[in-house]
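Only heavy atoms go into these numbers, but all of them, side chains included; no hydrogens, no water, no symmetry mates. Small disclaimer: the values here were computed from a predicted structure and weren't measured. One-based numbering, in listed order, for ligands and for the atoms of each.
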Amino acid sequence: MKGIALIAHDGKKAEMVAFIKDHSELFTQVKLVATGTTGQYVQQTGLKVKKLLSGPKGGDAQIASLVAEGKLRAVIFFRDPLGKHPHEPDVQMLMRLCDLHNVALATNPSTARLLVKGLEAEFMG
Ligand SMILES: O=C(CO)COP(=O)(O)O
């Protein structure tokens, strides 16, 4: 089964934790992967998650690579549009590869909620 990637910029990590808690039924049943610091927050909710490098150190690029390899079903990436990020080129690459490979990408909680509804139907019947 393909996994789901979770990523949140610092200004959005609290929203990510709340989102995960709201949808824990799905997230306990799928393989999760996350950028480093986001992964630590995800772990604190009690979920199992594979932590990659922190975003600025290459975590987004690692997730982009998983997208290119066809290993992910969806990417949930809560971006902070008000923040400045030294690794913006990696963020753009990740989003480009999601579009290139037609991998579902949600960049805010409203879209993620709709995406999760579809994934629940797929994974949980
Ligand atoms: O920077 C990020 C996304 O671009 C997220 O990285 P962290 O989860 O390591 O904070």
ask   = Where do Lys12 and Glu15 land on the salt bridge (Lys or Arg N to Asp or Glu O under 4.0 Å) test, with the steps shown first?
value = CA-CA 5 Å; Lys12 297 285 173 179; Glu15 279 178 75; 3.3 Å; yes
ask   = Do Met124 and Leu114 share a hydrophobic cluster, counting only Ile, Leu, Val, Met, Phe, Trp and Tyr and linking them when any side-chain heavy atoms are less than 4.5 Å apart?
value = no
inquiry  = Determine whether Lys48 and Gln43 satisfy the following criterion, side-chain hydrogen bond (donor to acceptor under 3.5 Å, both in side chains), listing intermediate values before the conclusion.
reply    = CA-CA 6 Å; Lys48 236 181 100 183; Gln43 275 181 333; over 6 Å; no
request  = Could you please provide the protein residues found below 4.0 Å of ligand 1 on a heavy-atom basis, arranged by chain and number?
outcome  = Ile7, Ala8, His9, Asp10, Lys13, Thr35, Gly36, Thr37, Thr38, Ser54, Gly55, Pro56, Asp60, Phe77, His87, Val91
message = Could you check whether any side-chain N or O of Lys13 sits under 3.5 Å from a backbone N or O of Tyr41, counting only pairs where one atom can act as donor and the other as acceptor?
response = no
message = Are Phe123 and Leu105 connected into the same hydrophobic cluster when the rule is that any two of I, L, V, M, F, W, Y join if their side-chain heavy atoms are below 4.5 Å apart?
response = no
ask   = Pairs in or reaching into residues 71-98: which pass salt bridge (charged side-chain N to carboxylate O under 4.0 Å, His left out), with residues at least two apart or in two chains?
value = Glu69-Lys71, Arg73-Glu122, Arg79-Glu88
